[in-house]
There are 2 protein chains.
Amino acid sequence: MSRRSGILEFAVLGLLRESPMHGYELRKRLNTSLGVFRAFSYGSLYPCLKTLVQQGWLAEEPGRSPDDPRATALSNRRAKIVYRLTADGKERFEELLGQTGPDAWEDEHFGVRFAFFGQTSRDVRMRVLEGRRSRLEERLAKMRASMARTREKLDAYTLELQRHGMESVEREVRWLNELIESEREGRDHRDPPHHGDQRPPDGAPERPRPGPPDDTTT
Amino acid sequence: MSRRSGILEFAVLGLLRESPMHGYELRKRLNTSLGVFRAFSYGSLYPCLKTLVQQGWLAEEPGRSPDDPRATALSNRRAKIVYRLTADGKERFEELLGQTGPDAWEDEHFGVRFAFFGQTSRDVRMRVLEGRRSRLEERLAKMRASMARTREKLDAYTLELQRHGMESVEREVRWLNELIESEREGRDHRDPPHHGDQRPPDGAPERPRPGPPDDTTT
DNA sequence: AATTTCATGTAATTCGTTACATGATTCC
DNA sequence: GGAATCATGTAACGAATTACATGAAATT
């Protein structure tokens with residue numbers, strides 16, 4: 001019954017933390033802002049919202065779209081249900097933000113975790129980035145071993161597929177290296193090679209816990 | 001009931017087409033040769049094998065590992081179950097190979113389709129590659145539109161995430177361009193118009209001529 | 001007036017995993 | 001003879017989708 005997906009829950013709480021929204025709008029943001037990696041359908045979203053309300057993390061408000069000036073006064077024409085984060089919900093989200101288990105850097109989770117780095121403390125950001133990197137390096141090692149073993153036996157297409165796959169992983173590792181370097185230097189990654197201008201994240205809560213990164217991933 | 005996964009079924013038929021195998025070995029090949037993209041567990045594989053046998057596409061043989069010289073004679077010590085492709089199974093696989101619906105170039109399917117390009121006729125290869133490319137270009141267009149709309153409102157991390165995502169897609173498009181170009185140039189004269197006879201797995205398959213002029217890696 | 005887009009939801013189904021249960025074979 | 005790996009399977013669960021069902025609001 002409990003349609004708690006982990007990642008969907010996390011994303012919903014995170015988006016509602018910024019501002020209240022109704023389901024339809026929430027879904028659009030889910031599939032654009034964060035949606036390069038994942039797409040959710042209503043069949044997932046609405047049940048999830050329901051359970052989050054039951055948990056006490058969200059509150060429902062009959063309402064109109066918040067940027068609709070017309071409907072402020074005389075409308076009892078409820079149709080949209082606007083969800084907002086409760087105090088408990090905020091607490092819950094921050095608890096999730098602080099988690100740095102292996103889950104945080106698996107393929108499915110990493111993207112959405114990164115998307116909310118603006119809300120994440122620096123040491124957690126570091127742990128997640130480094131965890132992700134060592135996860136990928138592990139994977140690279142396996143791929144290299146596998147390619148060494150089977151080099152001769154595979155046809156050109158399979159080989160090309162593996163080569164391209166490895167290159168993709170290597171590319172992500174380089175990306176992570178740049179990000180980690182930026183975090184370390186304390187600058188926000190605005191200078192790395194040649195991307196357009198970026199604004200620093202605004203409300204990043206800086207907790208100065210200099211914990212050594214938990215390197216033993218797996 | 002029917003644990004037919006589409007992609008798992010396809011991969012199993014394709015691997016067994018090359019040589020008979022038992023489940024355990026099959027799973028390893030699934031997760032190395034093709035496994036950059038997907039990993040399957042026994043809980044998926046064995047039920048799938050069962051239904052493929054029921055369909056008449058696979059046949060079970062009590063057997064030993066085919067490269068174990070000791071056990072050739074006196075062993076009734078069955079433990080492994082070696083699966084081989086039946087005639088119907090071959091037909092089925094070739095039917096699947098020929099399909100060029102939109103399914104063939106979605107994220108999940110494309111990898112495994114590509115892995116068996118060595119068995120695929122040229123025109124189908126072309127359609128799959130071009131289908132994949134236009135799918136990605138579609139996605140790029142959406143991402144660009146979305147970024148144009150929301151540029152100002154997002155924090156640096158979200159933006160960086162989107163930028164990296166877009167770059168990944170662009171990179172895959174360039175890869176596809178090279179592959180399509182190679183296919184176009186490398187017209188092999190020995191191209192069978194419709195399926196029927198396939199080369200033995202040892203015979204040199206056509207080379208995709210990946211031609212990597214950029215060696216940004218290694 | 002009709003069509004599109006907005007908006008919310010439920011039921012059945014798909015695709016796959018994890019945890020469990022069992023046992024043979026090989027290596028030390 | 002004990003551990004690691006090989007080998008096969010099942011039951012319970014998980015996460016998300018698709019298809020369905022409904023209806024209000026905006027646009028043409």
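All values derive from a computational prediction rather than experimental measurement. Labels below follow one simple rule: chain letters A, B, ... track the order of the sequence lines, proteins then strands, and each chain is numbered from 1.
- Computed from C1' positions of five pairs at each end, the angle between the two local axes of the helix from C:dA1-D:dT28 to C:dC28-D:dG1 equals 30°, rounded to 10 degrees.
- Atom pair A:Asn31:CG and D:dA16:P shows a separation of 12 Å (rounding to whole Å applied).
- Partner of A:Phe10 under the ring pair (Phe, Tyr, Trp, His ring centres under 6.0 Å) criterion, out of A:Phe93, A:Trp57, A:Phe40: A:Phe93 alone.
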Task: Test log, rule salt bridge (Lys or Arg N to Asp or Glu O under 4.0 Å), inputs A:Arg139 and A:Glu172 - done: CA-CA 12 Å; A:Arg139 198 179 296 180; A:Glu172 189 177 340; over 6 Å; no
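- Regarding A:Asp107, its CG atom lies at a distance of 15 Å from the C1' atom of C:dT17, rounded to whole Å.
- Here A:Glu160 pairs with A:Arg163 in a salt bridge; the nearest charged N to carboxylate O distance falls below 4.0 Å.
- Using a cut-off of 4.0 Å between Lys/Arg side-chain N and Asp/Glu carboxylate O, A:Glu94 and A:Arg17 are scored as salt-bridged.
- If you take CD1 of A:Ile81 and C1' of C:dA7, they are 9 Å apart, rounded to a whole angstrom.
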Task: Step-by-step salt bridge (Lys or Arg N to Asp or Glu O under 4.0 Å) determination, A:Glu25 to A:Lys28 - done: CA-CA 5 Å; A:Glu25 198 184 345; A:Lys28 276 198 304 191; over 6 Å; no
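- Pairing each heavy atom of A:Thr86 with each of A:Leu58, the nearest pair is CG2-C, 3.7 Å.
- Annotation for A:Ala115 and B:Leu161: closest pair CB-CD2, 3.8 Å, computed over non-hydrogen atoms.
- In this structure, a donor-acceptor pair under 3.5 Å is present between the side chains of B:Asp123 and B:Ser121.
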List every contact pair, protein side and nucleotides 3-6 of chain C side both N or O, where the distance is under 3.5 Å.
| from | atom 1 | to | atom 2 | distance (Å) |
| --- | --- | --- | --- | --- |
| C:dC6 | OP2 | A:Tyr24 | OH | 3.0 |

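- Each of B:Tyr42 and A:Ser41 was matched to the nucleotide of DNA chain D holding its nearest heavy atom; the match closer to the 5' end belongs to B:Tyr42.
- Atom CZ of A:Phe40 is separated from atom C1' of D:dT18 by 16 Å (rounded to the nearest Å).
- Atom CG of B:Leu26 is separated from atom C1' of D:dG9 by 15 Å (rounded to the nearest Å).
- Straight-line distance from the CG atom of A:Leu45 to the P atom of D:dT18: 15 Å, rounded to whole Å.
- For the residue pair A:Ser168 / B:Arg171, a side-chain donor-acceptor distance below 3.5 Å is found, with atom types taken as modelled.
- As rounded to whole Å, 12 Å separates atom P of D:dC6 from atom OH of B:Tyr46.
- Following rounding to the nearest Å, A:Leu49 (CG) and C:dA7 (C1') show an atom-to-atom distance of 13 Å.
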